[in-house]
*Asks:* 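Dumping the structure here so I can ask a few things about it.
Just the heavy atoms: all of them, side chains too, but no hydrogens, waters or symmetry mates, feed the values below.
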Amino acid sequence: MNSSPVSPLSPATTPLTVPNVDLPNWWQLWRWIQGPLEFQAENRQRYGDVFELDFWGLARGVLVGDPVVAEEILSQDFRFDVGRGNLLAEPLLGINSLILMDGDRHRRERKLLMPSFHGDRLKTYSHQIRQITLTALQHWQPGQRFVARSFMQDITLEVIIQVIFGLNQGPRYKTLKAILVQWLDLIDSPLRSSILFLRVLQVDWGKYSPWGAMRNQRQQIYDLLQAEIEERRSQDLSQRTDILSLMMEARDEQGEALSDPELRDEMLTLMFAGHETTATILAWAIYEIHHNPAIKDRLHQDLATVPASTDPLALIQLPYLKAVSQEVLRKYPVIPSLFPRIPQESMVLGGYQFDTSHLIYISGYLLHHREEIYPNPQQFNPDRFLDRTYSPYEYLPFGGGNRRCLGYALAEMELRLVLATILQHFELELAESKPVVYQRRGFTLSPKGGVKMRVLQAL
C-alpha cells in the first residue's frame, strides 16, 4: 500500500495540515456520486491516508483511512457531533431519525431502541426470517432465472414489514409494501441519486417531479404508519414481539414514551437501513459464493454438519458460514464511508490539526482494503476471518463508537440465515460469466444489474 510522503503518525513539532484534493469541487462531487470507491483509492495513492474533499455546494469533508486515526476518533466519540453532519439524509429519513441526533437526545433515543434488537428477541426474529425465506423459495423451479438483489429485496422487505412493523396481511400491509418499493426505486441509479446531493434539484413541482414524488410517497408511508400506531394503542402490546410495538412500550428514565413523529421517523430509518443494505449484501454474497466453486463446496460441507431443522441461532454460528458473511461485509461496503463526525473543539488526530468546520469521514472501504491488514484485499477470501481476529478499528462494517448500528446483530443473523436456508434447499449458478461491478443506489452502493442467477435443482 502506498503511504503519504510524511506519515500522519510521524512525530512533528507542529500539527500537519490535511492535504486538499486538487480537483474542481463539482468534479469531486460527481466522482463521489458516480464512483466513490475508485475516487477514494486514487486519492489515497496520491495524498495518503488522510485527505480533504470539497463537494460543490456541500460541506468540506476529511476522509480517514488509517486504523490508528480511526481508533483515536471512535474511542473519544463524546468529543464529536454526528447528527448535524447527516442533514443530507433528513429528506429521506425525517428530522426525528436517530441518525440526525446528537448529545442527550441521541443517548436517550438509543437507550430506548436498543432492547428491541438484542437478547431473546433475536430468537423470535430468527424463526420469522427463516420462514419468510422458505416461503419465498416455494416458487422456484429448475431452469428459472432471477435477479439476486431483487429476490433478496423481496425477502428483506418482508422481514422489515413483519419483524419491524409487525404486519403480515391486510390492505395496510399490501399498500405499505408497494409504496416502500416505489419510494426506493426513485434513487436506484447514480443519476437519480444525484437528487439527494444537489439541493438545486430538491424542488417540489408536484408528485410527478422527482423530488415531489419522493416527498409524496414519504407522506403516504407516514400516513400508513400513523394509522398503524393509532390502531396499536387499542391493543395489548405486551403480547406482541414486533419492534414497533416494543418501541411504543419503551419508556425513558422520566417515564416518557417516544412521540408519534419520533416513532414514524425511526420506523422509516429502520426500513431504509435494514432493507436496502441487507438486500445488497445478500446479493454480493450470492455472487461471490457462486463465483468461487471451492467456497460454495465448503459452505455445503459446513451446512451438512447440521440438519435443516436445527435451531436458527445455532445454524448461524457455523464457522465457515460466519467467515463468508464477514468477508462479504469487508469487501463490499454498502455505503462509501461512515457517517461524518464534527469536532466540538479544535483537536489533533494522527498528527493532523482538525477544527470545528471539519466533517471527518472514516472510510470503511479504505480500512478494509489495507494490504498490510488484509493481504490481497481485492480477493474474496473467507479464511482470513478464520485465521485472525480484527480490532474494531480495522473491521467496522456496522460503524463504531457510540454510533455503531443498533441493528447489527439482527442484520448479521439475517444475512447468514437467509444464505444458509437458500443453500440448504437449492443448487444455483450464475446466469452470466461477466464480472459484476457496483453502482450507486441512493446513499448505498449496489451490484449493477443485481446479479443474474439460474436455479439448477432443489436439494
Side-chain angles (χ1 to χ4, degrees), residues 73-87 89-90 92-126 128 160 162-167 221-222 225-274 338-345 347 356 392 396 398-413:
I73 296 169
L74 296 175
S75 62
Q76 46 186 338
D77 248 350
F78 62 93
R79 300 182 65 190
F80 299 87
D81 288 338
V82 179
R84 62 189 177 98
N86 289 324
L87 293 181
E90 188 273 329
L92 200 65
L93 306 179
I95 196 63
N96 296 293
S97 169
L98 182 68
I99 291 173
L100 275 69
M101 295 180 187
D102 285 309
D104 291 341
R105 191 181 180 202
H106 174 261
R107 284 187 286 275
R108 178 231 183 208
E109 202 100 350
R110 190 175 176 92
K111 189 173 181 179
L112 282 170
L113 299 179
M114 189 173 292
S116 303
F117 295 95
H118 298 279
D120 293 340
R121 305 293 183 190
L122 290 179
K123 185 170 185 177
T124 301
Y125 304 153
S126 70
Q128 290 179 274
I160 289 295
Q162 290 192 33
V163 173
I164 305 291
F165 295 159
L167 299 172
I221 296 169
Y222 273 164
L225 290 175
Q226 185 62 43
E228 186 63 27
I229 290 169
E230 291 173 359
E231 187 174 306
R232 295 279 175 95
R233 296 201 191 284
S234 63
Q235 301 174 0
D236 179 6
L237 298 184
S238 65
Q239 303 303 309
R240 299 186 63 108
T241 60
D242 59 272
I243 290 175
L244 172 57
S245 296
L246 294 173
M247 287 170 56
M248 290 179 65
E249 285 203 297
R251 297 292 184 272
D252 63 18
E253 294 174 354
Q254 284 71 46
E256 296 292 326
L258 292 166
S259 67
D260 287 1
E262 287 173 331
L263 285 168
R264 292 196 305 265
D265 285 351
E266 296 301 1
M267 286 291 101
L268 208 58
T269 301
L270 292 174
M271 185 282 301
F272 180 79
L338 304 191
F339 294 126
R341 284 161 166 79
I342 305 174
Q344 296 172 354
E345 59 185 1
M347 62 180 70
T356 55
L396 62 178
F398 296 101
N402 64 15
R403 292 284 173 159
R404 188 182 189 189
C405 174
L406 266 179
Y408 77 90
L410 176 60
E412 287 183 322
M413 181 180 72

*Asks:* For Arg105, enumerate each residue passing the salt bridge (Lys or Arg N to Asp or Glu O under 4.0 Å) test, keeping only those at least two apart in sequence or located in another chain.
*Replies:* Glu262
*Asks:* For the residue pair Leu268 and Ile221, establish whether any side-chain heavy-atom pair is separated by less than 4.5 Å.
*Replies:* yes
*Asks:* Test side-chain contact (heavy atoms from CB on, under 4.5 Å) on Met248 and Ile229; report intermediate values, then the result.
*Replies:* CA-CA 8 Å; Met248 290 179 65; Ile229 290 169; 4.0 Å; yes
*Asks:* Go through Leu244 and Leu167 one step at a time and tell me if the side-chain contact (heavy atoms from CB on, under 4.5 Å) criterion holds.
*Replies:* CA-CA 10 Å; Leu244 172 57; Leu167 299 172; over 6 Å; no
*Asks:* Would you say that Leu100 contacts Ile95 through its side chain, given a criterion of any heavy-atom pair below 4.5 Å between the two side chains?
*Replies:*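 Yes; the side chains approach each other to less than 4.5 Å.
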*Asks:* For residues Met347 and Ile73, determine if any side-chain heavy atom of one lies less than 4.5 Å from a side-chain heavy atom of the other.
*Replies:*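 Side chain of Met347 against side chain of Ile73, heavy atoms only: no contact under 4.5 Å found.
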*Asks:* Could you check whether any side-chain N or O of Thr269 sits under 3.5 Å from a backbone N or O of Asp265, counting only pairs where one atom can act as donor and the other as acceptor?
*Replies:* yes
*Asks:* Less than 4.0 angstrom from a charged side-chain N to a carboxylate O is my criterion; do Asp77 and Arg403 meet it?
*Replies:* no
*Asks:* Quick one: CG on Asp252 to CG on Leu112, what's the gap to the nearest 0.5 Å?
*Replies:*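 Between atom CG of Asp252 and atom CG of Leu112 there are 5.5 Å.
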*Asks:* Please tell me if the side chains of Phe165 and Asp242 come closer than 4.5 Å, counting only heavy atoms from C-beta onward.
*Replies:*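 No, every pair of side-chain atoms sits at 4.5 Å or beyond.
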*Asks:* Nearest 0.5 angstrom please: Met114 CE to Leu98 CG, how far?
*Replies:* 9.5 Å
*Asks:* Is it true that a side-chain atom of Arg240 and a backbone atom of Gly166 form a donor plus acceptor pair closer than 3.5 Å?
*Replies:*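 The answer is yes, because a donor-acceptor pair under 3.5 Å joins these two groups.
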*Asks:* Indicate the atoms forming the closest heavy-atom contact of Glu109 with Asn96, along with that distance.
*Replies:* OE2-O, 4.2 Å
*Asks:* So, for Phe117 and Leu406, which heavy atoms are closest and what is the spacing to 0.1 Å?
*Replies:* CB-O, 3.6 Å
*Asks:* Begin with the C-alpha distance, continue with both residues' side-chain angles, and end with the deciding distance and a verdict on side-chain contact (heavy atoms from CB on, under 4.5 Å) for Leu270 and Leu113.
*Replies:* CA-CA 11 Å; Leu270 292 174; Leu113 299 179; 5.9 Å; no
*Asks:* Measure across Gln344 and Phe80 and return the closest heavy-atom pair with its distance rounded to 0.1 Å.
*Replies:*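 Closest approach of Gln344 to Phe80, heavy atoms only: NE2-O, 3.5 Å.
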*Asks:* Of all the heavy-atom pairs spanning Val82 and Asp102, show the shortest one and how long it is.
*Replies:* N-OD1, 2.6 Å
*Asks:* So which atom in Arg79 and which in Gln76 form the shortest heavy-atom distance, rounded to 0.1 Å?
*Replies:* NH1-OE1, 2.8 Å
*Asks:* Does any non-hydrogen side-chain atom of Met247 lie less than 4.5 Å from one of Ile243?
*Replies:* yes
*Asks:* Closest approach of Ala409 and Leu122, non-hydrogen atoms and distance?
*Replies:*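 Between these two residues, the closest heavy atoms are CB-CD1, 4.0 Å.
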*Asks:* For Glu253, is there an ion pair with Lys111 - N to carboxylate O distance below 4.0 angstrom?
*Replies:*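 Here Lys111 pairs with Glu253 in a salt bridge, since their nearest N and O are under 4.0 Å apart.
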*Asks:* Would you indicate whether the side-chain heavy atoms of Leu237 and Arg232 approach each other to under 4.5 Å?
*Replies:* yes
*Asks:* Taking side-chain hydrogen bond (donor to acceptor under 3.5 Å, both in side chains) as the definition, give me every residue that meets it alongside Glu230, ordered by chain and number, with sequence neighbours left out.
*Replies:* Gln226
